[in-house]
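I have placed the structure first, in the form of structure tokens, so that the comments after it can refer back to it.
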Amino acid sequence: MSEVLKPDLCVIGAGSGGLSVAAAAAQLGVAVVLIEKHKMGGDCLNYGCVPSKALLAAGKRAHIMRHTKSFGVTPTSPVINPAAVRDHVRGVIAAIEPNDSVERFTGLGVHVIQAAARFMDKRTMVAGDYEIRPRRFVIATGSSPAIPPIPGIDQTPFFTNETIFENARRMEHLVIIGGGPIGLEMAQAHMRLGSRVTVLEALKSFAKDDPELAEPVLRKLREEGIVIREGVRVERLEEIDEGVRAVVSDGGETGVVDGSHMLLATGRKPNVEGLDLEAAGIRFDQHGIKVGKNLKTSNRRSWAIGDVIGGPQFTHIANYHAGIVIRQALFRLPVKAKHDMIPWVTFTDPELAHVGLIEDEARKKHGKINVLRWPYAENDRAQTERATEGFVKVVTTKRGRILGATITGEHAGELIQMWALAIAVGLKIKAMTSFISPYPTLSEINKRAAYTYYLPSLTNPLVRRAIKMLAKLG
Ligand code: NAD
């Protein structure tokens with residue numbers, strides 16, 4: 001006989017979204033059951049953001065060692081120990097793991113069940129030895145790598161983001177299928193750690209970003225030696241003696257790309273399998289669980305948050321969704337998710353960061369707009385760091401309302417924060433010039449970009465005449 005639990009909230013999935021809901025609810029004294037069938041921390045901690053940034057950090061150290069000459073420091077060729085790099089990545093995960101652990105959540109008062117969950121009916125879920133009948137459900141089961149139906153894929157060994165961070169061997173030549181953020185971050189990390197890397201992208205790399213800012217990042221990746229082929233169709237995959245082979249067609253010509261290893265980074269699929277969503281009357285399709293603006297599913301007792309609802313798939317979005325659900329579930333506030341102010345960063349070097357509308361979207365939505373730009377090369381701190389490549393691009397309405405910002409360059413992911421705040425609270429461009437920015441910092445680039453909004457008025461003959469008249473007053 002299973003034990004029946006009747007908590008306020010039953011959260012399915014202990015990734016970023018589920019953990020945020022469970023922690024907040026438990027800390028506010030609400031009874032929570034949290035069900036996780038695999039690793040606490042989910043994709044972000046174990047296979048995503050954390051290990052990928054740790055690997056990129058290792059690659060960056062190797063890159064810096066090779067490129068110190070311009071600072072007057074003799075460069076050196078680093079010796080890369082793949083097993084030690086793997087241990088570094090594991091160590092970073094281990095350092096963060098306690099925050100997401102069963103022990104921590106149990107300590108907060110959450111009842112953690114480590115088992116697969118499935119719906120029995122609209123009100124009941126089963127997991128392990130338990131039957132759970134909560135007041136509300138929160139489905140936060142995330143996403144998994146989508147495996148494309150390429151002929152031969154079943155017989156070909158490949159990594160995904162769920163397996164590549166466990167690799168402890170040197171990869172002679174890594175072939176990456178997919179030129180999105182996962183593919184390109186992994187391309188640079190592995191290139192810098194001593195592998196040859198080829199990226200095969202069916203359409204366009206960084207397709208979701210502003211092409212004007214994506215282009216310099218792709219150029220830099222190519223300069224570092226990564227082969228990025230766009231508009232390439234992978235016809236077939238096979239295992240060969242030396243590793244793997246991709247048979248590709250490119251502009252009507254067929255050829256082969258042989259590699260020692262292969263990584264698939266071709267997008268994500270929602271984790272809905274095994275949940276028996278039909279039993280709960282929860283509608284979904286291949287993109288994910290269908291939700292309204294308040295993140296409610298077609299079952300009025302249930303919300304779904306994070307990657308499992310499709311749309312933009314980022315840890316910070318899952319956290320944002322968690323806040324929306326908490327306010328509804330606990331305080332009965334009628335809040336809705338707004339997806340027009342989402343920032344994202346690809347952590348290549350240079351980084352590519354974005355928030356709000358890109359130029360094309362802004363033109364379509366608002367007609368006449370202002371486009372402001374400021375280059376890193378005009379910033380003194382960028383000069384001292386010899387990080388002069390990159391620029392900030394901001395789009396505003398004609399009256400100065402900030403619509404979007406994209407940055408490529410060193411620490412772009414930090415510089416974008418100011419624009420994310422500005423857009424979230426509806427600031428106008430004037431606000432971005434109305435503070436003192438400490439010198440010399442990269443963030444001054446943001447302020448200088450904002451000042452360019454006023455350039456046309458500075459060259460306005462009327463303004464110039466007014467200044468001359470005022471000067472005559474003594
Ligand atoms: P993606 O959908 O962003 O990119 C996948 C790419 O693979 C696309 O460009 C697509 O055209 C290509 N592709 C698909 N099938 C292909 C095929 N058969 N042959 C060749 N190319 C093919 O997916 P991703 O890079 O796997 O990332 C998954 C999700 O995780 C995204 O939502 C992404 O935004 C997110 N993510 C974010 C970050 C970050 O914020 N730094 C990092 C990694 C991933």
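The basis for the numbers below is simple: all heavy atoms, side chains too, and nothing from hydrogens, waters or symmetry mates. One-based numbering, in listed order, for ligands and for the atoms of each.
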Under a 4.0 Å N-O cut-off, is there an ion pair linking [X] with [Y]?
{"X": "Asp210", "Y": "Lys393", "answer": "yes"}
{"X": "Arg381", "Y": "Glu444", "answer": "no"}
{"X": "Glu278", "Y": "Arg283", "answer": "no"}

Using a 4.0 Å heavy-atom threshold (strictly under), name the region of [X] that reaches ligand 1: side chain, backbone, both or neither.
{"X": "Arg233", "value": "neither"}
{"X": "Val345", "value": "backbone"}
{"X": "Ile177", "value": "side chain"}

Provide the number and element of each atom of ligand 1 under 4.0 Å from a heavy atom of [X].
{"X": "Leu200", "answer": "20 (C), 21 (N)"}
{"X": "Phe314", "answer": "34 (O), 37 (C), 40 (O)"}
{"X": "Ala265", "answer": "5 (C), 6 (C), 7 (O), 26 (O)"}
{"X": "Gly180", "answer": "4 (O), 6 (C), 25 (O)"}
{"X": "Phe347", "answer": "41 (N)"}

Protein residue, atom and distance nearest to [atom], heavy-atom basis:
{"atom": "atom 13 (N) of ligand 1", "value": "Thr266 CG2, 3.8 Å"}
{"atom": "atom 25 (O) of ligand 1", "value": "Ile182 N, 3.1 Å"}
{"atom": "atom 23 (O) of ligand 1", "value": "Gly267 CA, 3.3 Å"}
{"atom": "atom 7 (O) of ligand 1", "value": "Gly178 CA, 3.3 Å"}
{"atom": "atom 38 (C) of ligand 1", "value": "Pro181 CB, 3.9 Å"}
{"atom": "atom 20 (C) of ligand 1", "value": "Ala202 N, 3.3 Å"}

Under 3.5 Å, is there a donor on one side chain and an acceptor on the other for [X] and [Y]?
{"X": "Ser144", "Y": "Asn271", "answer": "yes"}
{"X": "Glu239", "Y": "Thr156", "answer": "no"}
{"X": "Thr406", "Y": "His354", "answer": "yes"}
{"X": "Asn319", "Y": "Ser16", "answer": "no"}
{"X": "Ser195", "Y": "His173", "answer": "no"}

Review point. Considering residues, nucleotides and ligands other than Glu162, do more than 12 of their heavy atoms fall under 6.0 Å from its CD?
Key: yes
Check your understanding: Which of these, Glu201, Gln313, Glu235, Lys208, has its nearest heavy atom closest to atom 1 (P) of ligand 1?
Key -> Lys208
Exercise for review: State, to 0.1 Å, how close Tyr376 and Glu410 come at their nearest heavy-atom pair, and which atoms those are.
Suggested key: OH-O, 2.8 Å
Examine [X] against ligand 1 and note whether any of their N/O atoms are separated by less than 3.5 Å.
{"X": "Glu185", "result": "yes"}
{"X": "Val234", "result": "no"}
{"X": "Val232", "result": "no"}
{"X": "Arg268", "result": "no"}

Exercise for review: Determine, for Phe284 and Lys290, whether the Lys NZ or Arg CZ falls below 6.0 Å from the six-membered ring centre while staying within 45 degrees of the axis.
Suggested key: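 Output no; distance or angle outside limits.
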Practice item. Could you check whether the rings of Phe314 and Trp344 sit parallel, tilted or perpendicular, using 30° and 60° as the cut-offs? Key: parallel
